[in-house]
2 protein chains.
Amino acid sequence: MAGIESGRRHTRDDVARTALRILDDHGLPDLTMRRLAAALDVQASALYWHFPNKQSLLAELADRIVAGPERVTGPERVAGPEGVADPVAGSGEWTDAVRAEALALRDALLAYRDGAEVVASTLALGLGSRTALDRLTAAVALGGFDEPTARRGATALLHFVLGHVSHEQQRLQYDSIGVLADPADPADAGARAGDASAADFAFGADVFVGGLERLRSGEVSPLRT
Amino acid sequence: MAGIESGRRHTRDDVARTALRILDDHGLPDLTMRRLAAALDVQASALYWHFPNKQSLLAELADRIVAGPERVTGPERVAGPEGVADPVAGSGEWTDAVRAEALALRDALLAYRDGAEVVASTLALGLGSRTALDRLTAAVALGGFDEPTARRGATALLHFVLGHVSHEQQRLQYDSIGVLADPADPADAGARAGDASAADFAFGADVFVGGLERLRSGEVSPLRT
DNA sequence: ACCTGAACACCGTTCAAGT
DNA sequence: ACCTGAACACCGTTCAAGT
């Protein structure tokens with residue numbers, strides 16, 4: 001319980017970091033303003049000097065979650081040996097770039113308990129940065145799609161990712177407390193652990209990328225608007 | 001304010017229907033047990049005779065939302081002129097069936113304010129029926145996929161649908177109160193109304209179906225598990 | 001610049017008791 | 001079978017005031 005929160009007088013960064021710790025240790029339902037204040041040895045009302053309300057606090061957390069741990073390394077993103085997001089990398093490997101971005105986003109969301117829900121709700125309210133969407137859009141755009149199409153594709157993929165990881169994390173949470181409605185259900189059982197989820201995720205991402213590839217090679221009408 | 005809630009002594013169905021009305025009129029945040037009780041001219045504690053807790057009430061609402069208005073018509077689903085879900089309809093039209101199911105689900109979710117969020121959260125907790133997933137799975141299975149693959153595909157599509165409609169409905173809500181973070185943003189502006197959302201949805205569904213089609217014709221490895 | 005103390009207007013849920 | 005009344009243990013947010 002001792003740590004950053006010792007010497008009184010906190011900064012906005014302290015608050016966000018402590019909130020992130022509570023989120024990861026106890027989950028989103030336990031992340032209340034009063035509990036956060038207590039962890040900082042402060043009255044709840046003190047938090048409103050740093051953040052105008054709880055939503056904007058959550059938006060800040062969402063940004064940090066999406067940014068991921070590689071924030072520290074610098075402006076260039078961590079990627080494979082030859083880098084993953086080179087815009088001039090021909091047309092052959094854009095599918096790998098999209099898959100890699102989707103996977104990186106999943107990892108970032110999984111790094112914090114209830115990460116997907118925090119990001120999804122923040123995004124739905126139009127708060128928080130658009131980094132996640134921008135990264136996916138950039139990867140899709142490598143396929144040579146026009147910008148609105150790339151953005152549409154990225155948005156759809158983003159919805160899949162958030163939905164999938166949300167579901168995955170909710171199950172993790174309620175799995176551990178044993179509140180699952182039907183633990184004997186073969187499709188939802190605890191035996192169906194992280195590996196199966198990872199495979200399902202890869203499958204969904206592959207189907208999606210395949211659909212984009214198909215659209216790109218002009219085998220299908222791009223849109224009937 | 002007068003209506004069903006007049007003669008005291010309510011049934012479980014009364015409670016669910018009144019809850020659905022509050023949901024649609026005022027949104028999920030305003031659907032509290034106390035407010036629902038007040039609408040029924042009853043103490044909040046009375047609700048716990050009909051439902052063990054709020055989550056199970058929401059699960060019931062989710063089931064009704066997914067079932068949609070065609071519940072009344074009978075066991076066969078409303079569809080196009082020649083019916084959409086005939087399992088022996090050859091192999092040519094399964095893509096239309098999937099698209100139709102996805103669209104029908106979107107319509108059902110859109111029929112109630114915050115419908116997508118109610119269904120998504122219920123689903124995440126493993127509560128509620130699996131009707132939505134089962135319908136999508138059946139449609140995908142028409143493509144000749146094995147059951148686990150059809151289920152995986154349907155799950156991914158379901159995530160996209162829930163994410164898309166959630167986002168769409170959140171925007172509707174906050175749009176009308178004018179709480180949008182950046183109303184001038186061209187990608188999020190109010191001008192971008194229902195039609196654009198419908199087009200984005202169709203685009204996402206098409207990409208997804210295209211990916212499945214591609215996978216079916218064996219142009220791509222089905223899975224690397 | 002950062003926080004306290006006290007209040008306002010709420011929540012979901014439990015439980016003995018009533019009819 | 002269905003509901004009341006009262007309580008328990010909470011919420012997010014505001015605001016005058018303190019240092």
Side-chain angles (χ1 to χ4, degrees), chain A residues 4-20 22-23 25-62 114 117-118 121-122 124-125 127 170 173-174 177 179, chain B residues 3-20 22-23 25-62 114 117-118 121-122 124-125 127 173-174 177 179:
Chain A
I4 329 159
E5 62 277 14
S6 37
R8 287 288 149 76
R9 237 105 257 224
H10 299 284
T11 147
R12 183 184 159 98
D13 185 64
D14 290 341
V15 176
R17 289 169 59 156
T18 307
L20 228 29
I22 294 179
L23 178 70
D25 289 348
H26 306 280
L28 187 53
D30 279 12
L31 178 53
T32 69
M33 297 300 266
R34 298 176 114 102
R35 182 160 185 166
L36 173 55
L40 288 161
D41 258 320
V42 128
Q43 294 295 117
S45 51
L47 300 176
Y48 291 83
W49 193 90
H50 300 283
F51 293 92
N53 50 50
K54 190 178 181 179
Q55 282 295 352
S56 61
L57 204 217
L58 290 177
E60 173 69 30
L61 302 190
D114 292 337
E117 207 184 328
V118 171
S121 72
T122 289
L125 300 193
L127 302 173
Q170 294 264 27
Q173 191 179 155
Y174 286 81
I177 328 183
V179 198
Chain B
I4 329 159
E5 62 278 15
S6 37
R8 289 285 148 76
R9 237 103 258 226
H10 300 284
T11 147
R12 184 184 159 98
D13 185 65
D14 290 341
V15 176
R17 289 168 61 155
T18 306
L20 228 29
I22 294 179
L23 177 71
D25 289 348
H26 306 281
L28 186 54
D30 279 12
L31 178 53
T32 68
M33 297 301 266
R34 298 176 115 102
R35 182 160 184 165
L36 173 55
L40 289 161
D41 257 319
V42 128
Q43 295 295 117
S45 52
L47 300 176
Y48 291 84
W49 194 89
H50 300 282
F51 293 92
N53 50 49
K54 191 179 180 179
Q55 282 296 353
S56 61
L57 203 216
L58 291 178
E60 173 69 32
L61 301 190
D114 293 337
E117 207 184 327
V118 171
S121 72
T122 290
L125 300 193
L127 302 173
Q173 192 180 153
Y174 287 82
I177 329 182
V179 198

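Here is how names work: the chains are called A, B, and so on, in the same order as the sequence lines, proteins then strands, and each is numbered from 1.
C:dA1: Watson-Crick or G-U partner is D:dT19, with both key distances under 3.5 Å. If you check D:dA6 for Watson-Crick or wobble pairing at under 3.5 angstrom, you find it paired to C:dT14.
At a threshold of 4.5 Å between non-hydrogen side-chain atoms, the residues B:L58 and B:L31 count as touching. A:V15 places none of its side-chain heavy atoms less than 4.5 Å from the side chain of A:E60. Between B:L40 and B:L47, some side-chain heavy-atom pair lies under the 4.5 Å cut-off.
C:dA9 and D:dA9 are spaced 23 Å apart, taking the P atom of each and rounding to whole Å. Distance check on atom C1': C:dC3 versus D:dA16 gives 13 Å, rounded to whole Å.
Although no hydrogens or angles enter the test, the distance criterion places a donor-acceptor pair under 3.5 Å between the side chain of A:N53 and the main chain of A:S56. Not a single donor-acceptor pair under 3.5 Å links the side chain of A:R34 to the backbone N or O of A:A44.
The separation between A:L36 atom CG and D:dC11 atom P is 12 Å, rounded to whole Å. We find that CG of A:N53 is positioned 9 Å from C1' of D:dT13, with the value rounded to whole Å. Distance B:D14 CG to D:dA1 C1': 14 Å, rounded to the nearest Å. Atom CG of A:D41 and atom C1' of C:dG5 are 16 Å apart (whole Å). Distance A:L40 CG to C:dT4 C1': 15 Å, rounded to the nearest Å. Taking atom CH2 of residue A:W49 and atom P of nucleotide D:dA16, one finds them 19 Å apart after rounding to whole Å. Between A:Q43 atom CD and D:dG12 atom P the separation is 14 Å, expressed in whole Å. Across the protein-nucleic acid pair, A:L47 atom CG and D:dC11 atom C1' stand 14 Å apart, rounded to whole Å.
Minimum atom distance to the side chain of B:R9 is reached by C:dG18, of the listed D:dT19, C:dG18, C:dT4. Comparing C:dT4, C:dA1, D:dT13 by their nearest atom to the side chain of A:V42 picks out C:dT4. With D:dT4, C:dT4, C:dT13 as the choices, the nucleotide that has an atom nearest any side-chain atom of B:A46 turns out to be D:dT4.
Within 4.0 Å (heavy atoms only), A:S45 reaches at least one base atom of the nucleic acid.
If A:D30 and A:P52 are placed on DNA chain D by their nearest nucleotide, the residue sitting closer to the 5' end is A:D30. Comparing A:A44 and B:M33 along DNA chain C, the residue whose closest nucleotide (by nearest heavy atom) sits nearer the 5' end is A:A44.
Using a 4.0 Å cut-off, no side-chain N or O of B:H50 falls inside it from OP1 or OP2 of D:dA1.
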